[in-house]
Amino acid sequence: MKVVLLSLLFMTTVVSAYSSNIGQKVDSLLSVMTLQEKIGQMNQVSGIDFSTGPWNKESSIVDALHRGEYGSVLNIHDPEEARRLQTEALRSRLGIPLLFGLDVIHGMSTIFPIPLAESASFDLAQIRQSSRFAAVESALCGVHWTFAPMLDVARDARWGRVMEGSGEDTYWAAQVAEARVKGLQGEDGDSCRIVACAKHFVGYGAVVAGRDYNNVDMSVAELYNFYLPPFKAAVEAGVGSIMTAFNDMNNVPCTGNKEIVRGILRDEWHYDGVVVSDWCSVAEMCNHRYAADQKDAALKAIAAGVDIDMVSRCYAQYLEELVAEGRVDVAEIDRAVGRILELKYRLGLFDDPFCAFDSAGADAVRCSPAMRKAARDMAKRSIVLLKNDSATLPLKNIKSVALIGELCRSKVDMMGNWSANGDAADVVTLEEAFLQRNIKTNYAKGFSIDNDECYWKEAVNAAKHSDVVIVAVGERGRQSGEDCSRGELTLPDNQQKLIGELKKAHKPVVVLVMGGRPLIFNLAAADADALMVTWWLGSEAGNAITDVLFGEYNPSGRLPMTFPAHIAQLPIYYNQKSTGRPLSEEVSFIKGYIDIPYKPAYPFGFGLGYTTFSYSVPKMDKSQIGPLESATLTVTVTNSGQVEGEEVLQLYVSDCVASITRPVRELKGVQKIRLRAGESRTLVFDINEAILGFYDNAAKYVVEEGFFDVMVGPNSNDLQKCQIEYKL
Ligand code: GLC
């Protein structure tokens, strides 16, 4: 015991010495910096050849680097360009090294599945590994800082950025947040560690009407219960930076919102990492009509606690003036610059400004066998099987396949949006994967994915000459992502009605739905013999899909977002409120809508596999718990099918009566297990106040007395219930 205490004491001493040592270095550097040099550190510029938002391009930044006018640069994709700019920055008076930032959202050069797809795996270890691999490639390419993970809870699939996040559930988004931050930033001893950036703080996924950049308005309880927790998880996981969102939150733009940045991040959560604005979001406070001009915007952003101004130059142009006028205290500047310098020290940039830059190393790692295996492992686990009539899948003894649709042979679409240094040439398409398996492919375009043209005759003919038909429907890879909100998610008739035509060839028809968001495909689903959601799976897309089609991997993905039956249902999500007239098929008086169904096409958490699982009746070992006590829910799961497979066990909690209206259920636990055919396993979930509490309308976390339904099952609909009472 004594040894443990001594080693803990030693570790604490080392960590605090390390921190104070960095603290001393930061203070010493600050003491010799001019005000202009300090403001330079708060100014971020974009690389000239690539921008991720509207701006007035800088002609050349080298002279400005010599004057120490930039502290960080984003959108540099080439390690040699990064090396060149870093060399120029080191020629400034104090030679403070630059931070290089880039949106590495799902892989740097080897492209992994889009984050929404990875979220569908419900496999935290895989998600963390995916982030680690992305960090290694990024660091070798000269990236110190990625603007990821995106942690915006999103319930409206019209918003194109749902592709970048973990879906509609808060609990799961918080779990993924921790996995991604730890994967990206690595642990002591890891090489190629980069800084993560939790974004977009906060509530961006709740934009009105799913329209990107639109306003956001919600109750305090909604904010604290549904949108803040993933960011808190990221802070607790040690995330090095946080990015403010474009949107306003309750009438104040996030980039100038003291309540959420200073109030919640700094004061409530004691976050002392770097806060960076989103692209031009400082200046855009003028467009919000919240700032009178860019000087006023700079004042509001620094007052809110934003350390770095991304691209808008408001800090560069006005902070010095604001200090001279006594409206900004130099101490505020010093605190912001201190956080930026500390990040650079922690990254080791002052010891080695070129950090892990290694062009040759980057080339060697790019799509290496190990990287491709990791991408393929992640991709196959992200696929969600929604229908499999008559065990159409897995495919057996087929010699020829009809591949219908451009997406069967498209490389660029498989990468999805935000594909960093990804090269479409590296992508393995579905067609290539079948050819590599020496299976004859009969390709037919079938339909245009960009307009309503049909080429059904050729498609039906290809079907007639094949053992099985695979049809890839969906949207383009760049139809989801930033500034890609869509008002129509129903797949066009030229895609959906083709399935019915193909059925006339009397061959099994397997439909693959490819996209970056929930789409609507009721007709196609009705006619398909089997249907899978394959999202955008990245460099190994084709191999991952055929691994699943041939049963080499038994699909285990589950929907991280509710799939609507009609666009008008949006926003639709499983953890809705009960309301005074709960929707029910039994009560005919309450219809939801008179002209469309109110139920979704597929519920949150849903997904099938090639085997089946049965659940025992769950048991709770206690009927009542009090403060600091816990109960245990026990359930036995059996693989009742013929092949080994994985099940995603989900635990939901419902507060039967509370001091504010609460959701009908909330996900509070996930366990993904692998069982051999016939194998049973008993699993337990800890039921304690940590999963019974909520934030009230005063943003106070409360656990109230009363009864709670505790439910467990394979998705948010098919659940068995226990009950527990919480008593003070
Ligand atoms: C973009 C995005 C943000 C990204 C940033 C830098 O506009 O909103 O997610 O990290 O600009 O590219």
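Nothing here was measured: the structure is a model prediction, and the numbers come from that model. Every number for a ligand or one of its atoms is a count from 1 in the order of the listing.
For a threshold of 3.5 Å applied to N or O pairs, the pair formed by Asp103 and ligand 1 contains at least one separation below that value. Taking any N or O of His200, backbone or side chain, at least one lies under 3.5 Å from an N or O belonging to ligand 1. When only interatomic distances are considered, the shortest N/O to N/O separation between Lys199 and ligand 1 falls below 3.5 Å. The shortest N or O to N or O distance between Trp418 and ligand 1 is not below 3.5 Å.
Each of the atoms 1 (C), 2 (C), 3 (C), 4 (C), 5 (C), 7 (O), 8 (O), 11 (O) of ligand 1 lies under 4.0 Å from some heavy atom of Asp278.
Ring centroid separation for the pair Phe112 and His106 does not come in under the 6.0 Å cut-off.
Donor-acceptor pairing under 3.5 Å is recorded for the side chains of Ser241 and Trp145. Side-chain polar atoms of Ser312 and Gln294 form no donor-acceptor pair below 3.5 angstrom. For the residue pair Tyr290/Asp296, the side-chain donor-acceptor check at 3.5 Å is not satisfied.
Contacts of Met150 with ligand 1, taken as heavy-atom pairs under 4.0 Å, are absent altogether. Neither the backbone nor the side chain of Glu164 comes within 4.0 Å of ligand 1, counting heavy atoms alone.
Ligand 1 lies less than 4.0 angstrom from a heavy atom belonging to Arg161.
In this structure a side-chain-to-backbone donor-acceptor pair under 3.5 Å is missing from Glu118 to Ser130.
Residues Asp450 and Arg476 are paired through a salt bridge, judged by an N-O separation under 4.0 Å between the basic side chain and the carboxylate.
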